[in-house]
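First the proteins, then the strands, lettered A, B, ... as listed; each starts at 1.
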Amino acid sequence: MADEQDKKPLKKKSNHDPGRRRFLKGVGIAGAGAALVDHLTLSTDAKTESATADTGAKPVTRNVNIILDVNGQKRTVSVEPRTTLLNALRNNLDKPLTGPKLVCDMGTCGACTVLMDGKPVYSCLVLAVDAVGKKLTTVEGLGTPESMNSVQAAFVEHDALMCGFCTPGFVTTISAYLKKNPNPTLEEVREACKGNFCRCGTYPRVFEAALAAAKKS
Amino acid sequence: MQQQQAPPKKKKKIKVPKVINGVETMVEVEVDDEGGPVWGPNGKHAILNHRLTRVDAPLKVSGAAEYTYDKNPPGLLYGRVVRSPYAHARVIRIDTSAAQRIAGVKAIVGATNEDVVEGSNRAADVAEKKDNMDLGSAKAPQKKERIVRFAGEPVVAVAAITPEIADDAVRAIKIEYEVLPHVVRAEDAIKEGAPKVYPDGNLEPKEKRGDAAKVEASFKEADVIFEAEYRTPILHHSCLETHGNLVDYRGGDSATVYASTQGTFTIPGDAAKELGLKESAVTAVVEHMGGGFGSKFGIGIEGKFACQLSKQAKAPVKLMLTRKDEFLLAGNRSGSWQKFKAGVTRDGKVIALLATQYQLGGLGDGSQAGQPYIYTVPNFYRERISIHTNEDASRAMRAPGHPQASFGIESLMDELSYKVGIDPVEFRKKNLKDEVYHRQLDRGAREIGWERRNKTPGGGSNPLKRGMGCAIGTWGGGGGPQCKVEVGIARDGSVSVAVGTQDLGTGTRTYTRAIVAEELGLQINDVVEHIGNSKLGAANASGGSTTTASLAPAVKDAAVNARLSIAEKLSPLLGGAKPEEISFSQGRVAGGGKTLTWKQACAALPSAGITAHGEWKSNLQSRGVHGVCFAEVEVDVETGHTRAIKMVHVQDIGLPLNRLAIESQINGGMIQSLGMALFEGRVMDAALGLQLNPGFGDYKIPGSFEIPELVPLIDDEDKREAVIGVGEPSIIPAVGAVVNAVFNACGVRVRELPITPDKILMGLSDRRTV
């Protein structure tokens with residue numbers, strides 16, 4: 001399915017190659033060293049932030065300012081080249097977003113799903129710098145508590161959530177899918193949701209909600 | 001005034017469950033022995049016992065609900081832990097100098113010996129006691145060595161201005177270990193000369209019950225004697241929101257802790273101890289939380305670290321575990337290894353049972369319900385024994401010990417039924433006294449179409465083989481007197497209900513509102529609930545399915561008191577009608593031949609409005625439920641792949657407060673139980689002592705393709721006008737039902753979970769060669 005391709009950039013040569021992202025995040029190993037201590041104190045002197053060259057530690061990267069187009073707004077954000085789109089949205093925006101969730105941070109669960117130019121992607125597998133120039137839509141951009149889109153409304157109506165931590169991911173995935181296929185079968189909905197995990201066990205009602213939303217729109 | 005004249009209330013003593021770390025024990029409490037409020041017949045409610053959509057759903061579907069993980073105050077630091085890579089080791093040196101030099105690293109703390117993760121803490125205590133005994137108590141206490149006892153045990157924690165920099169700091173910290181011998185498999189742990197996890201060895205007897213000699217004697221009267229062993233691996237809660245806290249302490253005399261917890265009130269005490277504050281100076285906030293399933297009580301090692309980091313940096317620190325941390329150090333469901341010898345008569349009576357039940361809880365005790373579980377076996381003897389290994393301590397997980405016990409005994413019963421050639425449902429009935437099980441078995445059988453069942457396991461030529469199975473569970477639940485609820489009615493007609501409880505996704509917010517709305521004759525959206533804050537009225541932690549049975553009666557009591565209080569004020573406007581005779585329904589207040597709208601009624605209140613309080617009433621809740629599950633599966637005997645087709649769960653629950661949410665929760669129980677049957681299990685490398693699958697890529701939880709048709713049935717023949725929790729009972733029997741259905745489908749009896757294709761194929765080849 002094309003959808004599968006969209007979600008798993010691993011399969012094609014792409015800017016969002018998770019291998020590249022992992023490389024940039026850096027790989028490290030803990031090793032051996034000095035005295036066993038119970039409590040370790042640390043200078044919180046502001047100097048430590050700027051004087052890295054003097055102390056010999058190398059900064060991994062330097063921050064860069066980029067502009068992200070998030071839910072129709074151009075927003076300037078300062079990130080490291082290795083910062084994931086998910087972390088940029090959740091931590092670095094001046095008004096951070098709360099919809100995309102950090103659950104696995106390695107592209108297995110779908111809780112961080114956002115739309116990039118209308119296609120669902122795992123935002124934990126996309127670098128923020130690679131999202132420049134793309135139209136990004138998070139669950140917040142699909143609807144608000146006061147004005148929900150048809151999928152969100154159907155989720156409420158069909159009780160398609162319990163703890164709700166996976167819900168933004170499912171809502172985003174399904175909202176994008178219904179645009180592509182406005183009249184899906186149950187099997188097609190399952191297929192569309194295969195990149196999203198829920199632990200509370202809301203799947204049957206997620207499927208119901210997706211089918212109901214399709215009927216209404 | 002009236003209350004002062006009332007005679008002293010009659011009291012009675014009852015036993016109620018008290019849940020500590022998700023495990024319940026029964027304690028005696030004194031309660032009122034008189035009428036008090038009642039729910040009334042289950043079928044006569046205007047709002048309750050209907051299908052109510054969640055009041056927090058619009059926030060959650062739009063990403064606006066703020067979980068602990070989403071809190072982001074200015075100046076926030078991000079915490080991370082450094083884990084031991086060894087299953088058993090002595091920490092020799094910790095060098096944080098390189099990490100300290102990284103710009104943006106603001107605090108580093110190390111675990112002390114008094115302050116390590118729970119299971120390891122206990123092992124350290126036991127070791128110290130033994131040392132003191134060996135060395136004589138007069139000897140001054142020595143500083144304990146820092147020993148790590150499982151791979152993943154946290155040793156150091158850091159806080160930095162971004163999570164990326166915190167990761168750099170983790171990598172820059174150097175820890176030198178002296179590696180010690182370890183053991184991670186139960187069968188290795190019981191061998192002579194195995195590395196000792198605890199000083200006295202790896203076996204810890206927990207319980208003996210019954211008369212072994214009598215059992216041996218009664219085997220002589222059995223027509224069939226059958227022995228089998230059943231095993232389940234360690235499972236992971238896999239909460240999507242990992243464990244963690246945001247501790248905001250910038251010096252001074254108060255702190256706020258945002259916690260992903262099942263017990264709002266389990267947090268302030270733990271945090272205060274760590275911060276050196278009074279318990280009352282710490283406020284815990286739990287507005288929304290992303291799953292707990294028994295693993296989130298108290299602040300945990302990650303919370304202690306967050307406190308220390310915040311204290312050191314004088315800044316808010318959010319330390320949420322990473323997914324890998326979550327697998328390695330945030331608890332698990334204990335594994336099980338059950339050995340049975342059973343004697344059964346030709347007419348299907350199990351007359352004798354010997355059971356050895358090993359609980360595989362790593363550094364923890366693990367848990368297992370005692371056999372023969374729900375069955376009546378005239379002569380039984382059981383021993384429950386913990387086997388300790390160098391693995392993270394087990395924690396409570398949704399019905400601790402029950403799915404394991406149910407899977408064991410239900411597999412055994414199923415095997416016995418085939419041995420004596422009696423229909424598995426009829427066989428169970430012959431050994432079950434409780435009539436409720438009989439009716440639930442009948443209902444489940446009807447719903448799944450039991451008569452269509454494969455008569456010869458593995459029969460037919462089609463490689464896709466279908467089969468059906470059933471299994472049974474039980475749970476206590478019930479509540480206790482811990483909740484203090486306040487209902488407020490303002491002069492403008494707005495209504496609020498406040499209690500410090502938490503909503504794990506179980507629907508607490510919704511029924512809290514609904515109970516008040518129903519009592520005051522309003523709509524659910526006319527009421528606002530305030531929960532998840534330790535400054536609000538006390539509430540119990542959510543464990544053992546005790547939340548609803550503890551909370552709902554107190555909410556009802558507060559709502560009734562609010563109704564009577566407002567009625568008293570309105571009496572003069574309603575022809576002097578008695579408060580208890582004034583009716584509240586459909587937004588109107590009526591009495592003495594007159595009717596007021598809700599707004600008119602409230603306008604007559606004093607400017608401060610009305611505040612009413614409520615406490616737990618034992619008669620509004622109950623405990624003790626059954627629960628039966630039927631499953632239909634399809635096994636592909638060419639690939640060994642099993643697919644669940646349909647599952648039916650029948651559950652008694654007294655008064656169902658919200659049918660929609662209860663059905664969802666039963667669905668969720670079936671799905672998690674299906675995961676236990678077919679997919680889930682921790683895989684350890686015995687030589688290295690490491691978990692091989694600490695992530696969702698390798699630890700498989702059910703996904704969209706694996707979900708069968710699910711039929712959650714509320715057993716309305718349970719006429720108890722009392723609330724009971726449903727979280728735990730819904731997860732118990734499905735695992736056994738699926739396993740038994742697999743046998744019925746293809747003739748392969750899998751006695752060690754999960755049922756992966758390789759086991760089916762191995763079983764088929766064995767069968768062919770037999």
Residue among A/Gln152, A/Glu140, A/Glu146 satisfying side chain to side chain contact (heavy atoms under 4.5 Å, CB included) with B/Ser62: A/Gln152

Interface moiety of B/Glu326 toward chain A, non-hydrogen atoms closer than 4.5 Å: neither

Inter-residue atom distance A/Arg82.CZ - B/Glu164.CD, 0.5 Å rounding: 6.0 Å

Chain A contact via B/Lys700 - side chain, backbone, both or neither, heavy atoms under 4.5 Å: side chain

Nearest atoms (heavy-atom pairs only) where A/Lys101 meets B/Ala65: NZ-O, 3.8 Å

Side chain / backbone / both / neither for A/Phe207 at chain B, heavy atoms under 4.5 Å: side chain

Straight-line distance of A/Thr202 OG1 to B/Asn667 CG, nearest 0.5 Å: 9.5 Å

Pairs of heavy atoms under 4.5 Å with chain B: top-ranked of A/Thr172, A/Leu161, A/Val206, A/Val171: A/Leu161

A/Thr98 OG1 to B/His288 NE2 distance, which is reported to the nearest 0.5 Å: 9.5 Å

Nearest-0.5 Å distance that lies between atom CG in B/Asn72 and atom NZ in A/Lys95: 13.0 Å

A/Arg205 portion near chain B, given a 4.5 angstrom heavy-atom threshold: side chain

Test item: A/Arg199 side-chain N/O and B/Cys239 main-chain N/O as donor-acceptor pair under 3.5 Å: no

Side chain to side chain contact (heavy atoms under 4.5 Å, CB included) against A/Ser147, all qualifying residues, sequence neighbours excluded: A/Thr144

Residue part contacting chain B, namely of A/Thr83, when any heavy atom lies under 4.5 Å: both

Part of B/Pro702 within contact of chain A (heavy atom distance under 4.5 Å): both

A/Cys200 portion near chain B, given a 4.5 angstrom heavy-atom threshold: both

Heavy-atom proximity to chain A below 4.5 Å, by part of B/Glu241: both

Main-chain N/O of A/Met162 paired to B/Lys60 side chain as donor or acceptor, under 3.5 Å: yes

Test log, rule side chain to side chain contact (heavy atoms under 4.5 Å, CB included), inputs A/Val156 and B/Arg54: CA-CA 7 Å; A/Val156 176; B/Arg54 276 163 216 264; over 6 Å; no

Atom group of B/Leu660 that falls short of 4.5 Å from chain A, counting heavy atoms: both

Max heavy-atom pair count under 4.5 Å with chain B, selected residue of A/Val189, A/Val139, A/Val103, A/Asn92: A/Val103

Part of A/Leu102 within contact of chain B (heavy atom distance under 4.5 Å): both

Atom pair NZ (A/Lys194) and CD (B/Glu706), whose distance is rounded to the nearest 0.5 Å: 11.5 Å

Between CG on residue B/Leu59 and OG1 on residue A/Thr167, distance to nearest 0.5 Å: 12.0 Å

Portion of B/Ile165 that has a non-hydrogen atom of chain A nearer than 4.5 angstrom: both

Under 4.5 Å from a heavy atom of chain A, the part of B/Thr162 involved: side chain

Sidechain-backbone polar pair: A/Tyr203 side chain, B/Ile671 backbone, donor-acceptor under 3.5 Å: no

Leading residue by heavy atom contact count with chain B [cutoff under 4.5 Å; candidates A/Cys198, A/Ala160, A/Pro145, A/Pro168]: A/Pro145

